[in-house]
Q: 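Before anything else, here's the structure in question.
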Amino acid sequence: MDRTRQQQALLLLPICLAFAFSLTAVVSSHWCEGIRRVVKPLCQDQPGGQHCIHFKPDNSSNGRMDNDSQAVLYIWELGDDKFIQRGFHVGLWQSCEESLNGEDEKCRSFQSVVPAEEQGVLWLSIGGEVLDIVLILTSAILLGSRMSCRSPGFDWLRVDALVAIFMVLAGLLGMVAHMMYTTIFQITVNLGPEDWKPQTWDYGWSYCLAWGSFALCLAVSVTAMSRFTAARLEFTEKQRAQNGSQHSQHSFTEPEASESVWKTGAAPRPAGQAFRNVSGHLPSGAPGKVSIC
């Protein structure tokens, strides 16, 4: 019993890890990370300013600055100096980008930058990820109930089969959802708004967690199915052994029944003869038994 519980606990651990990985990946926004190249904003010439384009206004002869339509700006940055690289990261729900000072982030909905014709696929991907989490949670609850409850009248082998089925479904749904999101992100990089397109990008740690959950789901499914098959075969062999023992006991009781017949005085009848006890129909004083052939 202790060994069985240890095996079930070892099987429950990767299920909980897969659930934690999937949930963390869905709520985070680091599926893809990269760098955007943006133009520096304009700012007046200030010492120590590195995140904006420095300029110096041309003063008029009377010592006052002209209006904005006639002001002449002397920009000192040229070429690549006019741009700044800012990191960004994207998830299922939002896209975040570093601010100019690098201390905080500016986030917006990822759905707002996805092309309109691809938003339905994005929602399908999100639905697949959520259903993946639900299936993993259901498997954890079923296996936990199998460990805590020991009802003799319940077929617990079916629980192992359900866990295997739910986990393989969760893994396949997660795989499809991950691939759909990857396709949507690549389409958005090519067809998305210019103020969002990244210069370089790569997959982030949330994406790795999502695929790690997929691998755990498949591993748990294979392990649960192998345990179910082994337990089913063992149960079948026990039933066959019990049926065989009952059959052998029944064959041993048949000779005992024949011996009891011989002890009662009954004798085998020759073929073509019949014996009949007519002692009950004889008059008094007649012999006790008469056999009629």
Q: Output the distance between atom CG (Leu124) and atom CG (Leu131), rounded to the nearest 0.5 Å.
A: 12.0 Å
Q: Within the 4.5 Å heavy-atom criterion, are Phe166 and Leu142 side-chain neighbours or not?
A: yes
Q: Please confirm whether the backbone N or O of Gln119 pairs with a side-chain atom of Gln111, one donor and one acceptor, at under 3.5 Å?
A: no
Q: Minimum heavy-atom separation for Ile35 and Phe88, please, with both atom names.
A: N-CE2, 3.5 Å
Q: Give a yes or no on whether Leu17 and Leu169 share a hydrophobic cluster (residues Ile, Leu, Val, Met, Phe, Trp, Tyr; joining criterion: side-chain heavy atoms under 4.5 Å apart).
A: no
Q: Is any side-chain heavy atom of Gln85 closer than 4.5 Å to a side-chain heavy atom of Gln199?
A: yes
Q: If hydrophobic clusters are built by linking Ile, Leu, Val, Met, Phe, Trp and Tyr wherever their side-chain heavy atoms come under 4.5 Å apart, do Leu143 and Leu13 end up in the same one?
A: no
Q: So, for Ala20 and Thr24, which heavy atoms are closest and what is the spacing to 0.1 Å?
A: O-OG1, 2.7 Å
Q: With heavy-atom distances below 4.5 Å as the criterion, would you say the side chains of Asp202 and Glu33 are in contact?
A: no
Q: For residues 107-130, which residue pairs qualify under ring-ring contact (aromatic ring centres under 6.0 Å, His included), counting only residues two or more places apart or in two chains?
A: Phe110-Tyr181
Q: Between CD1 of Ile187 and CD of Glu118, what distance do you get to the nearest 0.5 Å?
A: 4.0 Å
Q: Sub-3.5 Å donor-acceptor pair from the side chain of Ser139 to the main-chain atoms of Leu135, do we have one?
A: yes
Q: Look at the side-chain heavy atoms of Ile, Leu, Val, Met, Phe, Trp and Tyr, link any pair under 4.5 Å apart, and say whether Leu209 and Trp93 land in one connected group.
A: no
Q: Please round to the nearest 0.5 Å and tell me the distance separating atom CZ of Phe21 and atom CD1 of Ile133.
A: 13.5 Å
Q: Could you tell me whether the side chain of Trp31 reaches within less than 4.5 Å of the side chain of His178, counting heavy atoms only?
A: yes
Q: Answer with yes or no whether the hydrophobic clustering places Ile141 together with Val130; edges join I, L, V, M, F, W, Y residues whose side-chain heavy atoms lie under 4.5 Å apart.
A: yes
Q: Might you point out which heavy atoms bring Met180 and Val121 nearest each other, and give the distance in Å?
A: CE-O, 3.5 Å
Q: Taking the side chain as every heavy atom from C-beta outward, state whether Val176 and Leu172 have any atom pair closer than 4.5 Å.
A: no
Q: Are Trp205 and Tyr203 an aromatic pair by the rule of ring centers under 6.0 Å?
A: no
Q: Closest heavy-atom contact between Arg227 and Leu11?
A: NH1-CD2, 3.9 Å
Q: So which heavy atom on Val114 is nearest to which on Leu122, and how close?
A: CG2-CD2, 4.1 Å
Q: Looking at Arg86, Lys106, His89, which one forms a side chain to side chain donor-acceptor pair (under 3.5 Å) with Glu97?
A: Arg86
Q: How long is the span from the NZ atom in Lys197 to the CG atom in Asn190, to the nearest 0.5 Å?
A: 7.0 Å
Q: Report all side-chain donor-acceptor pairs from residues 213-226 shorter than 3.5 Å, counting only partners two or more places apart or in another chain.
A:
| unit_1 | atom_1 | unit_2 | atom_2 | d |
| --- | --- | --- | --- | --- |
| Ser213 | OG | Ala18 | O | 3.0 |
| Ser213 | OG | Ser22 | OG | 2.5 |
| Ser221 | OG | Ala164 | O | 3.0 |
| Thr223 | OG1 | Ala219 | O | 2.9 |
| Ser226 | OG | Val222 | O | 3.2 |
| Ser226 | OG | Thr223 | O | 2.7 |

Q: Establish whether Ile165 and Met175 are linked, either directly or via other cluster members, by ILVMFWY side-chain heavy-atom contacts under 4.5 Å.
A: yes
Q: Contact between Trp196 and Arg108 at the side-chain level, heavy atoms closer than 4.5 Å - yes or no?
A: yes
Q: Minimum heavy-atom separation for Leu92 to Glu129, with atom names?
A: CD1-CG, 4.1 Å
Q: Looking at side-chain heavy atoms only, is the closest gap between Gln186 and Val189 below 4.5 Å?
A: no
Q: Run the side chain to side chain contact (heavy atoms under 4.5 Å, CB included) test against Cys107 and tell me which residues pass, sequence neighbours left out.
A: Gln94, Cys96, Glu105
Q: Any side-chain heavy-atom pair from Ile15 and Ile136 closer than 4.5 angstrom?
A: yes
